[in-house]
Amino acid sequence: LEESGAVDRAIERLRENGHLFVEDGATWFRASALGDEKDRVVIRENGRTTYFASDIAYILNKLERGFDRAIYVLGADHHGYVARLRAAAEGLGEDPDKLQILLVQFAVLFRFGEKVQMSTRSGQFITLRELREEVSTDAARFFYVMRSHDQHLDFDLDLAKSRSNENPVYYIQYAHARISSVFRNLEQTDARYNQAIGIAALDLLTEDHELQLMRTISRFPETIDSAARSYSPHLLAHYLHALATDLHAYYNAHQFLVTEENLRNARLNLVLATQIVLKKGLGLLGVAAPEEM
């Protein structure tokens with residue numbers, strides 16, 4: 001009943017704004033006058049409302065709840081819906097620019113280097129649930145956001161399941177786990193981690209790997225801002241891969257648990273800061289940050 005009431009309210013708003021007409025027993029929205037390619041039925045001859053009428057009601061519902069923009073993510077094959085939704089917003093008396101409509105290109109699955117053939121007509125397809133079960137939820141999520149929404153995605157199932165540096169999900173998660181291993185190893189020594197000492201000794205971090213890591217860490221806030229403003233989570237995915245690359249290079253080139261107390265704590269502060277950023281970034285993408293791998 002609540003849904004029906006919302007649809008009725010949206011249709012009434014269109015009627016009040018002078019955008020409806022009746023023809024052949026059906027009620028039509030004069031969408032062609034607002035930029036759509038043709039007019040659209042909102043109430044059929046039998047009195048039942050159409051799916052598009054529900055779409056119109058959903059626009060009204062979103063904007064009435066106080067949101068200053070409504071983000072739609074549609075498949076590229078639904079590009080014709082863009083003008084239709086914008087016309088609906090304008091017909092409701094709302095600013096059509098409040099609707100941000102992103103068209104997502106198709107993903108193609110590959111297994112053993114061969115394209116996985118799928119056809120809805122013949123009933124051959126892989127569901128998202130099946131994909132998650134095969135490669136893990138973490139890999140499925142990360143691989144999908146590695147590409148901009150307007151780029152095609154070639155999803156390599158074998159790569160997504162591999163435990164190698166070529167797998168970007170594994171590579172980033174392994175960087176996080178490596179830092180945890182450093183602190184576990186610290187517990188096996190007589191040394192202790194003192195964050196205050198490390199902060200006071202940050203000027204000791206002068207190695208090229210350390211300076212590069214600090215520069216990359218400093219880019220985290222602006223990366224988040226850019227990704228959010230441009231609806232581009234792939235910017236964060238690429239950033240995390242770059243940060244993991246810097247961490248692995250630093251880990252391979254230097255010892256963290258050195259005897260000298262000031263340097264040891266400064267380096268531990270740096271890798272801990274790296275781990276915090278890795279965890280927060282992965283969390284924003286809905287990907288786990290394991291302590292061990």
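Quick note: numbers below take in every heavy atom, side chains included, and nothing from hydrogens, waters or symmetry partners.
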S.K.: Does a salt bridge link Lys62 with Glu94, judged by any charged N lying under 4.0 Å from a carboxylate O?
M.R.: no

S.K.: Treating Asp39 as the side-chain partner and Ser32 as the backbone partner, does any N or O pair qualify as donor plus acceptor under 3.5 Å?
M.R.: yes

S.K.: For Tyr239 and Thr216, indicate whether the former's side chain and the latter's backbone hold a donor-acceptor pair under 3.5 Å.
M.R.: yes

S.K.: Can you list the residues that meet the side-chain hydrogen bond (donor to acceptor under 3.5 Å, both in side chains) rule with Ser226, with sequence neighbours excluded?
M.R.: none

S.K.: Show, in sequence, the C-alpha distance, side-chain angles and deciding distance for Leu268 and Phe183, and conclude whether the side chain to side chain contact (heavy atoms under 4.5 Å, CB included) test is met.
M.R.: CA-CA 8 Å; Leu268 288 175; Phe183 284 91; 4.1 Å; yes

S.K.: Above 12 or not: heavy atoms from other molecules or residues under 6.0 Å from CD of Glu12?
M.R.: yes

S.K.: Do Val104 and Met146 share a hydrophobic cluster, counting only Ile, Leu, Val, Met, Phe, Trp and Tyr and linking them when any side-chain heavy atoms are less than 4.5 Å apart?
M.R.: no

S.K.: Let me know which of Val271, Asn269, Leu263 forms a side-chain contact (heavy atoms from CB on, under 4.5 Å) with Arg267.
M.R.: Leu263

S.K.: Which class fits the ring pair Tyr251 and Phe256: parallel under 30°, tilted 30 to 60°, perpendicular over 60°?
M.R.: perpendicular

S.K.: Would Asn167 and Phe143 satisfy side chain to side chain contact (heavy atoms under 4.5 Å, CB included), going step by step from the backbone distance to the final call?
M.R.: CA-CA 10 Å; Asn167 180 350; Phe143 271 62; 3.6 Å; yes

S.K.: Run the salt-bridge test on Asp97 and Arg69 with the 4.0 Å N-O cut-off and return the result as yes or no.
M.R.: no

S.K.: Group every Ile, Leu, Val, Met, Phe, Trp and Tyr by side-chain heavy-atom contacts under 4.5 Å, then state whether Val108 and Leu153 land in the same group.
M.R.: no

S.K.: Do Arg13 and Glu16 meet the salt-bridge criterion of a basic N to acidic O distance under 4.0 Å?
M.R.: no

S.K.: Sequence neighbours excluded and cut-off under 3.5 Å, please list the side-chain donor-acceptor pairs for residues 280-293, or say none.
M.R.:
unit_1	atom_1	unit_2	atom_2	d
Glu291	OE1	Ser180	OG	2.5

S.K.: Decide whether Phe155 and Tyr171 are clustered together by the hydrophobic rule: side chain heavy atoms of Ile, Leu, Val, Met, Phe, Trp, Tyr closer than 4.5 Å, transitively.
M.R.: no

S.K.: Counting only heavy atoms from other residues, nucleotides and ligands, does the tally under 6.0 Å from NE2 of His78 exceed 12?
M.R.: no

S.K.: Is there a donor-acceptor pair under 3.5 Å between the side chain of Arg9 and the backbone N or O of Ala57?
M.R.: no

S.K.: For the residue pair Tyr250 and His209, does the interplanar ring angle fall in the parallel (under 30°), tilted (30 to 60°) or perpendicular (over 60°) class?
M.R.: parallel

S.K.: Test of understanding: clusters of I, L, V, M, F, W, Y form through side-chain heavy atoms closer than 4.5 Å, transitively. Do Leu236 and Val73 belong to the same one?
M.R.: no

S.K.: What residues form a salt bridge (charged side-chain N to carboxylate O under 4.0 Å, His left out) with Glu90, not counting sequence neighbours?
M.R.: none

S.K.: May I have the step-by-step check of side chain to side chain contact (heavy atoms under 4.5 Å, CB included) for Phe220 and Leu243, ending in yes or no?
M.R.: CA-CA 9 Å; Phe220 185 52; Leu243 181 60; over 6 Å; no

S.K.: Please state whether the rings of Tyr174 and Tyr170 are parallel, tilted or perpendicular, taking 30° and 60° as the class boundaries.
M.R.: parallel

S.K.: So Arg264 and Thr259, side chain to side chain contact (heavy atoms under 4.5 Å, CB included) or not? Walk me through it.
M.R.: CA-CA 7 Å; Arg264 180 180 69 247; Thr259 304; 5.7 Å; no

S.K.: With a sphere of 6.0 Å drawn around NZ of Lys279, does it hold more than 12 non-hydrogen atoms of other residues, nucleotides or ligands?
M.R.: no

